[in-house]
Amino acid sequence: MDSSSSPAPPQAPARSRGTSNASQRWSILRRALLARSSSPAPEGTCRDQHIKDGTNNISRKASRGFNLIECHSLPISQLKKSLENSSSGNENDLGCQKDVCVYYKLPCGSSSKLNLVYRREDSLELNDMEASNRYNIDTTGLVCCWPSEEVLAYYCINHSDVFRAKKVLELGSGYGLAGLVIAACTNADEVVISDGNPQVVEYIQKNISINQETFGETKVKSMILHWDKEQASEVLNTFDIIVASDCTFFKQFHESLARTVKSLLKHSATSQAVFLSPKRGDSLDKFLGIIKENELSCELIENYDPTVWNLHKKYEAGDDRSWPNYDKEHCYPLLHYSVNLELDIGWTFQKFFPFSMEVPTRQFKGIQLQTHLSSSDRLP
């Protein structure tokens, strides 16, 4: 052993760290609820200040990402000024002190860009939790743009031909980065960006409005879509492609998510659903079980993009320390996609999928089917 190098400090087991973080989160929530029902805070102090003090010791979100798309913060005042000189968006909607703007320079054309308005990371309120209880939804879409969303957006840019002239739906989109990127870079016919949280959908619509000039002829709209509700007849089996990122985390939504995809995906040999999800403990495995219970076929794609894969391996090995708390189970999204063959949905999850290959013969409704997938009509 080299005596000049000291060993890395020991880390607590993952289970212990997770239990500690969870306990601190519940403690913060408890104090927030007590503060809400107690007498007003002393003059000159913020009621929630003592609650915020505890948040420095836990992680509410992944504080890093893969940094696949160049971006930087943009003052809201600068965005408002630029909108005054354009026909897209309403600058009067951008005055909320809770909001920040992020400028994305998209690698799909010399002038392609997006301005996205987000909720400030430290501005989540108890009203947001009350809304989640009222609509049986989660509030993760208000927290941040999660790493899987960025990877999905980057992946769609690199496979833009697949979306050309297609009708596309993003499920559980949060602020809608992937859907907006598809609208800006792929010449899709129509992109619908959906979430079950009405507050999140307000942000989606705001982001659609301020980027309208970037979308060209592509029709873009927002939608409140609850997976556990029966979908309107006009949208049933109408989408060529459905995309989603990190939507398999909450196990209570697995069944309704599988049914939603099956009901909205068009009955066509070229229709498909593209998901990116970290394993997150046994959550993804549980989702695969739900898929099989719904008589859907599945395989897993682990290495789907060389840039993303190389970054993942560097973070995992510690060769790149820009993401110090990187954890494969929670940070690296696996690609899984479904295809609609004969009125059945076949969910495909595979370790590695080249750009063109022969898929082994499978049984669908008792019929032997063999399909050739290529980069021109299927995502690899």
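Throughout, residue positions are numbered sequentially from 1 according to the sequence presented.
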**Q.** Heavy-atom side-chain proximity of Val308 to Tyr154 below 4.5 angstrom
**A.** yes
Q. Do Val261 and Phe275 touch side chain to side chain, with heavy atoms closer than 4.5 Å?
A. yes
Q. Are any non-hydrogen side-chain atoms of Leu114 and Leu106 less than 4.5 angstrom apart?
A. yes
Q.
Nearest 0.5 angstrom please: Lys313 NZ to Asp319 CG, how far?
A. 10.5 Å
Q: Answer yes or no: is there a side-chain heavy-atom contact under 4.5 Å between Met223 and Val235?
A: yes
**Q.** Short side-chain donor-acceptor distance under 3.5 Å, Asp99 and Tyr203
**A.** yes
Q. Does a side-chain heavy-atom distance below 4.5 Å link Gln272 with Val162?
A. yes
(Q) With a 4.5 Å cut-off on side-chain heavy atoms, are Leu74 and Val102 touching? (A) no
Q.
Could you work out, with side-chain contact (heavy atoms from CB on, under 4.5 Å) as the rule, every residue matching Gln205, not counting sequence neighbours?
A. Ile208, Ser209, Ser222
Q. In Å and rounded to the nearest 0.5 Å, what is the OG to CG distance from Ser245 to Leu152?
A. 5.5 Å
For residues 65-73, which side-chain N or O atoms pair as donor and acceptor with protein atoms under 3.5 Å away, sequence neighbours left out?
none

Q) Atom CZ of Phe163 and atom CD1 of Ile157: how far apart are they, to the nearest 0.5 Å? A) 10.5 Å
(Q) Working note: Asp189 + Arg164, criterion salt bridge (charged side-chain N to carboxylate O under 4.0 Å, His left out); need CA distance, chi angles, decisive distance, verdict. (A) CA-CA 7 Å; Asp189 178 61; Arg164 183 172 292 118; over 6 Å; no
Q. Do Asp246 and Leu276 pass the side chain to side chain contact (heavy atoms under 4.5 Å, CB included) test, and can you show the C-alpha distance, the side-chain angles, and the key distance before you say yes or no?
A. CA-CA 6 Å; Asp246 216 345; Leu276 276 163; over 6 Å; no
Q) Please walk me through it: do Phe250 and Leu257 pass side chain to side chain contact (heavy atoms under 4.5 Å, CB included)? A) CA-CA 10 Å; Phe250 293 102; Leu257 175 57; over 6 Å; no
Q.
Could you report the tightest heavy-atom contact between Ala188 and Ile182, atom names first, then the distance?
A. CB-CG2, 4.3 Å
Q: Report yes or no: does Asn237 contribute a side-chain atom to a donor-acceptor pair with the main-chain N or O of Leu265 at less than 3.5 Å?
A: yes
Q: Report yes or no: does Ser271 contribute a side-chain atom to a donor-acceptor pair with the main-chain N or O of Ser268 at less than 3.5 Å?
A: yes
Q.
Does anything in residues 234-245 form a salt bridge (charged side-chain N to carboxylate O under 4.0 Å, His left out)? List the pairs, not counting sequence neighbours.
A. Asp240-Lys266
Q.
For Glu255 and Arg259: C-alpha separation, side-chain torsions, deciding distance, then whether salt bridge (charged side-chain N to carboxylate O under 4.0 Å, His left out) applies.
A. CA-CA 6 Å; Glu255 183 72 41; Arg259 288 199 307 265; 3.6 Å; yes
(Q) Can you tell me how the ring of Tyr326 sits relative to the ring of His312, calling it parallel under 30°, perpendicular over 60° and tilted otherwise? (A) tilted
**Q.** Validation row: Ile290, Lys251 side chains within 4.5 angstrom (heavy atoms)
**A.** no
Q.
Using 0.5 Å steps for rounding, measure from the NZ atom of Lys314 to the CH2 atom of Trp309.
A. 14.0 Å
Q. Do the charged groups of Glu302 and Lys328 touch, with an N to O distance under 4.0 Å?
A. yes
**Q.** Any donor-acceptor pair under 3.5 Å from Thr186 side chain to Ser160 backbone
**A.** no
(Q) What verdict does the side chain to side chain contact (heavy atoms under 4.5 Å, CB included) test give for Lys279 and Tyr332, after you've listed the backbone C-alpha separation in whole Å, the side-chain angles of each residue and the deciding distance to 0.1 Å? (A) CA-CA 8 Å; Lys279 288 184 66 66; Tyr332 182 68; over 6 Å; no
Q | Test item: Leu171 and Trp227 side chains (from C-beta on) under 4.5 Å apart, heavy atoms | A | yes
Q: Kindly give the heavy-atom pair with the smallest separation between Gly172 and Asp195, and that separation in Å.
A: C-OD2, 3.4 Å
Q | Leu177 versus Glu149, closest heavy-atom pair with distance | A | N-OE2, 3.0 Å
**Q.** Verdict with reasoning, Glu213 to Lys113, per salt bridge (charged side-chain N to carboxylate O under 4.0 Å, His left out)
**A.** CA-CA 10 Å; Glu213 291 181 349; Lys113 62 181 178 61; over 6 Å; no
Q: Give, for atom OG1 of Thr260 and atom CG of Leu169, the distance between the pair rounded to the nearest 0.5 Å.
A: 9.5 Å
Q: Determine whether more than 12 heavy atoms belonging to other residues, nucleotides or ligands lie under 6.0 Å from atom NZ of Lys286.
A: no
Q. Between Val191 and Thr218, which heavy-atom pair has the shortest distance, and what is it?
A. CG2-CG2, 4.0 Å
Q | Heavy-atom pair of closest approach, residues Thr214 and Ala184 | A | CG2-CB, 3.6 Å
Q.
Assess the residue pair Tyr175 and Val200 against the criterion (side chain to side chain contact (heavy atoms under 4.5 Å, CB included)); give the C-alpha distance rounded to whole Å, side-chain angles, the decisive distance to 0.1 Å, and a yes or no.
A. CA-CA 7 Å; Tyr175 292 102; Val200 173; 5.7 Å; no
(Q) Using every non-hydrogen atom in the two residues, find where Pro278 and Thr248 come nearest and quote the distance to one decimal. (A) O-OG1, 4.4 Å
Q: Calculate, to the nearest 0.5 Å, the distance between atoms NE2 and CZ belonging to His226 and Phe253 respectively.
A: 10.5 Å
Q.
For Cys156 and Cys185: C-alpha separation, side-chain torsions, deciding distance, then whether disulfide bond (SG atoms under 2.5 Å apart) applies.
A. CA-CA 9 Å; Cys156 292; Cys185 296; over 6 Å; no
Q: Test salt bridge (charged side-chain N to carboxylate O under 4.0 Å, His left out) on Glu190 and Lys166 and set out the steps.
A: CA-CA 7 Å; Glu190 181 178 352; Lys166 302 293 187 182; over 6 Å; no
Q. Distance only, no hydrogens: is a donor on one side chain within 3.5 Å (strictly under) of an acceptor on the other, for Ser277 and His336?
A. yes
